[in-house]
There are 2 protein chains.
Amino acid sequence: MKISLTPQEIEKRLMDAGVQPTLQRIAICRYVLCEADHPTAEQVKDWAQQNLDKISQATVYNTMNALVDAGLLRALRLPHTEKVIYDDNIEDHHHFFDEETGRLYDLPEEQIDVRSKLPKKFKTNRVEVLFTGKVED
Amino acid sequence: MKISLTPQEIEKRLMDAGVQPTLQRIAICRYVLCEADHPTAEQVKDWAQQNLDKISQATVYNTMNALVDAGLLRALRLPHTEKVIYDDNIEDHHHFFDEETGRLYDLPEEQIDVRSKLPKKFKTNRVEVLFTGKVED
DNA sequence: GAACATATTTAGAATAGTTCTAAAGATATA
DNA sequence: TATATCTTTAGAACTATTCTAAATATGTTC
């Protein structure tokens with residue numbers, strides 16, 4: 001279900017988000033926005049080093065941070081790993097973690113209804129649900 | 001709302017869980033079970049180094065892992081920090097993170113009702129909700 | 001309670017993931 | 001075209017945690 005974007009479209013997205021569209025950034029976006037599924041920085045680095053002439057680890061990290069800061073990606077930290085996971089879904093949503101495959105699925109907001117009876121002093125800004133289990137094939 | 005335990009009660013808990021009750025472990029349990037509020041290993045180490053003659057970092061980590069493995073503690077990984085957070089509440093429950101104070105509150109299972117319409121192939125084992133916001137005083 | 005096996009603790013080295021530094025290179029601006 | 005500004009880079013540094021191997025403590029047997 002990933003979107004397909006031309007380099008020009010990616011360039012526009014970056015500019016609109018206030019990120020200067022360098023070669024490295026465009027390439028990384030091609031991967032994280034159009035191909036990857038909740039990648040870690042390491043996975044982005046591996047892909048980039050195979051698909052670009054030359055790119056440093058620092059640039060990968062710089063770029064991921066720039067994309068998160070610009071609001072084009074979200075950084076996730078989940079219980080099963082200490083690596084940051086990047087999510088190109090920037091809408092509010094929930095996650096299902098398949099503990100057998102290690103794969104993470106996005107669950108749209110609307111599919112989950114959370115009703116809470118918290119004491120009034122708890123003022124909630126965000127609610128995030130993590131389901132853990134397995135996905136049958 | 002923390003429980004108060006005598007060294008003997010702590011010793012018994014450790015034995016029942018199959019953990020040899022050494023001086024260091026009993027001391028750390030005194031802190032994590034009776035005093036601390038979602039501490040990190042670092043906080044446990046700081047407390048231990050102030051309150052015990054001498055304790056090494058390695059022992060703190062060894063002990064925390066032993067307690068988690070024995071089922072006396074749970075290890076949590078939350079979005080706002082890369083440090084592992086230890087929770088002495090080993091029941092299924094949810095969390096509220098106060099983004100102003102950095103404090104984490106346990107929310108009992110019963111206070112939260114999660115209704116989901118997931119496709120049938122998603123077989124859920126666990127559901128964890130993280131609320132983020134602020135707690136008024 | 002001495003002797004022995006087993007488990008725990010320790011200091012320090014090692015590792016993993018990420019960030020920092022400062023120099024070199026690219027890009028945009030005047 | 002010169003100049004200021006950003007980006008990239010290699011490598012060092014940093015943070016959280018784990019590993020290693022030696023020393024110490026604990027439990028067990030006679």
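Naming convention: chains lettered A, B, ... in sequence-line order (proteins, then strands); numbering from 1 in each chain. On a predicted model such as this, the values are computed, not experimentally measured, just so you know.
- Asp53(B) has its CG atom 10 Å from the P atom of dT10(C), to the nearest Å.
- Of the candidate nucleotides dC20(C), dA11(C), dA16(D), dC20(C) has the atom lying nearest to any side-chain atom of Ala58(A).
- Here dT26(D) presents its P atom at 14 Å from CE of Met15(B), a figure rounded to the nearest Å.
- What you find for Arg74(A) and Asp92(A) is that their closest heavy atoms are NH2-OD1, 3.5 Å.
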Before you tell me yes or no, could you show the steps for Asp88(A) and Val32(A) under side-chain contact (heavy atoms from CB on, under 4.5 Å), namely the whole-Å CA-CA distance, both residues' side-chain angles and the distance that decides it to 0.1 Å?
CA-CA 7 Å; Asp88(A) 56 285; Val32(A) 298; 5.8 Å; no
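- For DNA chain D, the neighbouring residues in residues 67-84 of chain B, judged by any heavy atom under 4.0 Å, are Glu82(B), Lys83(B), Val84(B).
- Asn62(A) comes within contact range of at least one nucleobase, with a heavy-atom separation under 4.0 Å.
- In this pair, Phe96(B) and Phe131(B) present their aromatic rings parallel. The plane angle is below 30°, not in the 30 to 60° band.
- Between Val84(B) and Met64(B) the shortest side-chain heavy-atom distance does not fall below 4.5 Å.
- In the displayed structure, Leu23(B) atom CG is contacted under 6.0 Å by at most 12 heavy atoms of other residues, nucleotides or ligands.
- Residue Ile3(B) is grouped with residue Leu72(B) when hydrophobic side chains (ILVMFWY) are merged at heavy-atom distances under 4.5 angstrom, including chains of intermediate members.
- For the pair Tyr61(A) and dT19(C), the criterion of a side-chain N or O lying under 4.0 Å from OP1 or OP2 is not met.
- To the nearest angstrom, P of dT7(D) lies 14 Å from CD1 of Ile55(A).
- Along DNA chain D, the nucleotide nearest Ile85(B) and the nucleotide nearest Thr59(A) are compared for position; the residue whose nucleotide lies closer to the 5' end is Thr59(A).
- Ring-plane geometry between Phe97(A) and His80(A) is classed as parallel, the angle between the planes falling under 30 degrees on a 0 to 90 degree scale with a further cut at 60.
- Between Leu52(A) atom CG and dT9(D) atom P there is a gap of 9 Å when expressed in whole angstrom units.
- A continuous path of Ile, Leu, Val, Met, Phe, Trp and Tyr side chains, each step under 4.5 Å between heavy atoms, connects Ile55(B) with Ile26(B), placing both in one hydrophobic cluster.
- Closest approach to the Gln57(A) side chain among dA10(D), dT10(C), dT19(C) is made by dT19(C) (side chain taken as heavy atoms from C-beta onward).
- For residues 17-41 of chain A, proximity to DNA chain C is found at Ala41(A), defined as any non-hydrogen atom under 4.0 angstrom from a strand atom.
- Spacing between atom CG of Asn65(A) and atom C1' of dT7(D) amounts to 14 Å, rounded to whole angstrom units.
- Each of dG17(C), dA10(D), dA11(C) was ranked by its minimum atom distance to the side chain of Ser56(B); first place goes to dA11(C).
- Using bins of under 30°, 30° to 60° and over 60° for the plane-to-plane angle, the ring pair Trp47(B)/Tyr31(B) lands in the parallel bin.
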